[in-house]
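What follows is one structure encoded as structure tokens, with my remarks underneath.
Protein chains get the first letters and strands the later ones, always in sequence-line order, with residue 1 at the start of each.
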2 protein chains.
Amino acid sequence: MLEVARSATLPEGAKARRVYLSLYDQITDGRLCDGEILPGEQKLAETYCVSRVTIRRALDVLSARGLIEKRVGSGTRVRSKAMSDKRAALTFNTLMPQLVEMGQSTTARLLSFSYRQPPDYVAQALGLGAAENAQIATRVRLANAVPFSYLTTYVPTQIAQNYSENDLATMPLFKLLERSGVQIGAAHQSVSASLAGPEVAEALNLAEGSALLSLKRVVRDVDGNGVEFLSGLYRPDMFSLEMPLTRVGDGVGRHWEPAIGQADQDLAKQARS
Amino acid sequence: MLEVARSATLPEGAKARRVYLSLYDQITDGRLCDGEILPGEQKLAETYCVSRVTIRRALDVLSARGLIEKRVGSGTRVRSKAMSDKRAALTFNTLMPQLVEMGQSTTARLLSFSYRQPPDYVAQALGLGAAENAQIATRVRLANAVPFSYLTTYVPTQIAQNYSENDLATMPLFKLLERSGVQIGAAHQSVSASLAGPEVAEALNLAEGSALLSLKRVVRDVDGNGVEFLSGLYRPDMFSLEMPLTRVGDGVGRHWEPAIGQADQDLAKQARS
DNA sequence: CTAACTTGTTTCTTTGACAATACAACTTGT
DNA sequence: ACAAGTTGTATTGTCAAAGAAACAAGTTAG
């Protein structure tokens with residue numbers, strides 16, 4: 001029987017998907033450069049410890065997506081050029097992801113909105129009592145109609161009174177908070193990585209099990225009260241955290257520190273290369 | 001035949017993994033609180049539209065990881081408390097991962113060491129000519145005999161003459177470079193996420209396809225010449241990038257900036273909570 | 001041209017995930 | 001004690017994914 005040539009967006013099987021995701025990552029983050037020739041299918045099968053059929057399943061999808069170009073007898077070439085344009089377009093500034101400047105070129109889609117009891121660790125971080133509620137909103141931000149971040153924000157109910165559900169869909173939360181007279185003091189960010197679960201994968205138009213950049217941020221006002229907890233998941237192929245550093249101090253105390261105010265220069269330098 | 005009770009780090013099958021990831025997410029982000037009793041396996045099977053066997057496969061892994069506790073006749077309880085402790089144990093300092101301070105409590109294992117031509121994007125970042133070689137070293141850093149980072153460093157051959165292969169296994173690269181008289185100027189870091197490939201997964205004792213924090217760093221000397229390119233992959237459960245922020249500026253120019261010198265206070269605050 | 005590579009295609013086998021079902025062992029509330 | 005819940009275990013069957021092997025067809029270096 002003839003096999004239907006399905007141009008799937010994702011390999012079905014577990015092994016095939018792993019290979020696919022691994023190669024996809026290597027291509028999109030530059031470990032495999034444009035024009036580079038991949039090792040042969042047999043070679044790949046050995047390094048991944050799977051059969052050649054499985055490798056082919058993964059390559060078929062990559063090929064259908066235009067990330068590679070296969071040529072009989074010659075080999076398989078990486079075509080990452082098409083992607084990289086899109087990608088550089090949204091490489092972000094220093095330590096301020098999803099911000100004012102891009103607030104105009106991006107749109108947000110509000111997925112859910114409710115007043116509930118936040119998870120323990122959120123309540124703890126914000127300094128909320130065990131029974132206190134918070135406004136919990138889940139949004140997806142899009143750039144050029146492509147979703148790139150999945151955000152969940154927690155704001156104490158008391159503070160969240162000052163703006164509408166509609167505001168959230170359009171304006172960044174900071175604007176809203178500052179407009180409400182909240183005196184923003186310090187914030188603390190924590191960056192890590194995690195996998196895309198079913199809901200997130202669908203919302204971001206990604207394969208389940210894709211790698212995501214995970215960011216958690218606690219914002220406090222000048223009195224030290226928690227005013228916002230942000231939990232963000234970002235597509236690594238469309239978002240990265242850039243930070244210029246300088247080496248300061250002497251002797252034993254010598255260490256790295258973020259170089260502030262140099263963001264623009266540094267980005268410009270990168271763009272040139 | 002008796003089924004071998006493998007304590008896998010991730011369910012093999014597609015459906016089982018779906019269930020696993022969904023529950024894992026719900027537990028770790030607090031939708032399922034500590035101590036809460038899950039619906040019965042039969043009930044879960046219905047809500048997820050899979051068979052009970054599949055549910056059990058997912059629960060087995062969650063159980064092996066200590067996220068849930070099953071009791072015959074009684075039910076299954078969520079144990080999310082245990083996680084948070086371990087996690088905090090190795091949460092690192094501000095903008096200086098793998099650094100001097102921890103240089104003593106960690107060890108490194110040298111996996112490979114050679115002088116070759118670096119990948120294009122590395123050569124480009126370092127400003128190397130097309131044919132210039134670099135010293136390429138791959139190391140795994142361990143904390144308490146547990147591997148947590150997989151590092152690949154590229155140093156132009158010219159600069160790399162000043163230390164031995166043995167030095168690399170023990171000392172951080174910065175120490176070596178500065179000892180060699182290199183005047184370190186600026187650096188630029190880029191943080192993202194990616195998946196664990198076969199080699200990395202094995203080196204870090206992880207399942208293939210696990211999420212990893214990915215860090216790329218270009219270091220230049222005072223004259224702007226590239227002296228080091230670091231590509232690091234970190235286990236997200238043992239490593240996260242912490243950064244305190246402050247909001248500065250007025251009006252339209254208002255934005256976030258890293259708060260320097262406050263790392264210790266901020267960490268202490270977090271530890272207390 | 002030849003030898004040694006590559007990808008493309010086919011066929012068959014084997015493995016393993018999944019479903020459905022039944023039953024045992026245990027706990028809890030009535 | 002009993003009924004109704006829970007998890008644990010075993011059996012059987014189905015089917016898609018994966019593996020293995022052979023071969024065709026194209027490319028390239030010598």
Side-chain angles (χ1 to χ4, degrees), chain A residues 1-8 10-23 35-64 66-79 207-209, chain B residues 1-23 35-64 66-79 198 207-209:
Chain A
M1 190 194 286
L2 267 182
E3 172 133 355
V4 177
R6 59 181 170 189
S7 73
L10 207 141
E12 298 294 330
K15 293 226 180 88
R17 171 164 41 208
R18 269 192 303 203
V19 175
Y20 165 79
L21 287 172
S22 171
L23 290 173
E36 194 168 331
I37 310 170
L38 283 182
E41 295 176 349
Q42 188 55 47
K43 195 76 186 172
L44 284 173
E46 284 161 22
T47 66
Y48 278 97
C49 288
V50 297
S51 80
R52 201 182 137 219
V53 191
T54 305
I55 294 289
R56 285 182 59 75
R57 263 195 276 268
L59 293 185
D60 282 348
V61 180
L62 287 171
S63 177
L67 286 158
I68 59 174
E69 200 177 41
K70 311 181 77 173
R71 279 224 311 256
V72 182
S74 176
T76 303
R77 278 197 168 68
V78 177
R79 311 288 309 144
E208 216 177 293
Chain B
M1 192 197 282
L2 267 183
E3 172 136 357
V4 177
R6 58 175 171 197
S7 71
T9 52
L10 215 139
E12 294 295 329
K15 292 223 179 102
R17 173 165 43 208
R18 261 181 63 93
V19 176
Y20 166 79
L21 285 172
S22 172
L23 289 174
E36 195 169 329
I37 309 171
L38 283 182
E41 294 176 351
Q42 189 54 48
K43 194 76 185 172
L44 284 172
E46 285 161 21
T47 66
Y48 278 98
C49 288
V50 296
S51 80
R52 200 181 141 219
V53 190
T54 305
I55 294 290
R56 284 183 59 78
R57 261 196 278 269
L59 293 185
D60 282 347
V61 180
L62 287 171
S63 176
L67 286 158
I68 59 173
E69 202 175 40
K70 312 180 78 171
R71 281 226 310 256
V72 181
S74 176
T76 303
R77 279 196 166 68
V78 177
R79 314 275 327 133
E208 211 177 301

Side chain to side chain, B:Ile55 and B:Gln42, heavy atoms closer than 4.5 Å: no
B:Leu38 and B:Leu59, any side-chain heavy atoms less than 4.5 Å apart: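 Yes, at least one pair of side-chain atoms sits under 4.5 Å.
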Spatial distance of atom CZ (A:Arg18) from atom NZ (A:Lys15) [nearest 0.5 Å]: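 Here the rounded value is 6.5 Å.
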If I take atom [atom1] in residue [X] and atom [atom2] in nucleotide [N], what distance separates them, rounded to the nearest angstrom?
{"X": "B:Ile37", "N": "C:dG29", "atom1": "CD1", "atom2": "C1'", "value": "13 Å"}
{"X": "B:Asp60", "N": "D:dT9", "atom1": "CG", "atom2": "C1'", "value": "12 Å"}
{"X": "A:Arg52", "N": "C:dG8", "atom1": "CZ", "atom2": "P", "value": "8 Å"}
{"X": "A:Glu41", "N": "D:dA18", "atom1": "CD", "atom2": "P", "value": "15 Å"}
{"X": "A:Ile55", "N": "C:dG8", "atom1": "CD1", "atom2": "P", "value": "14 Å"}
{"X": "A:Leu59", "N": "C:dT7", "atom1": "CG", "atom2": "P", "value": "8 Å"}
{"X": "A:Leu44", "N": "C:dG8", "atom1": "CG", "atom2": "C1'", "value": "16 Å"}
{"X": "A:Glu69", "N": "D:dT27", "atom1": "CD", "atom2": "P", "value": "14 Å"}

For [X] and [N], is the shortest distance between a side-chain N/O and OP1 or OP2 below 4.0 Å?
{"X": "B:Thr54", "N": "C:dA19", "value": "yes"}
{"X": "A:Arg56", "N": "C:dG8", "value": "yes"}
{"X": "A:Lys15", "N": "D:dG19", "value": "yes"}
{"X": "A:Ser74", "N": "C:dT7", "value": "no"}

If you only use heavy atoms from C-beta on, which nucleotide in [options] is closest to the side chain of [X]?
{"X": "B:Val72", "options": "D:dG26, C:dC26, D:dA20", "result": "C:dC26"}
{"X": "A:Val53", "options": "D:dT7, C:dA19, D:dA20", "result": "D:dA20"}
{"X": "A:Ala16", "options": "D:dT7, D:dG19, D:dA18", "result": "D:dA18"}
{"X": "A:Lys70", "options": "C:dC18, D:dT7, C:dG8", "result": "C:dG8"}

Residue met sooner reading DNA chain D from 5', once B:Leu38 and A:Val50 are mapped to nucleotides: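 The residue mapped nearer the 5' terminus is B:Leu38.
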Polar side chain donor-acceptor pair, B:Thr54 to B:Tyr48, under 3.5 angstrom: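 Note: B:Thr54 and B:Tyr48 side chains miss the donor-acceptor criterion.
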Closest heavy-atom pair and its distance - A:Leu21, A:Ala207: CD2-CB, 4.2 Å
Touch class at under 4.0 angstrom, heavy-atom based, for B:Arg71 against every strand present: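 Sugar-phosphate only.
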Pairing partner (Watson-Crick or G-U wobble, both distances under 3.5 angstrom) of D:dT27: C:dA4
Any donor-acceptor N/O pair under 3.5 Å between C:dG16 base and B:Arg57 side chain: no
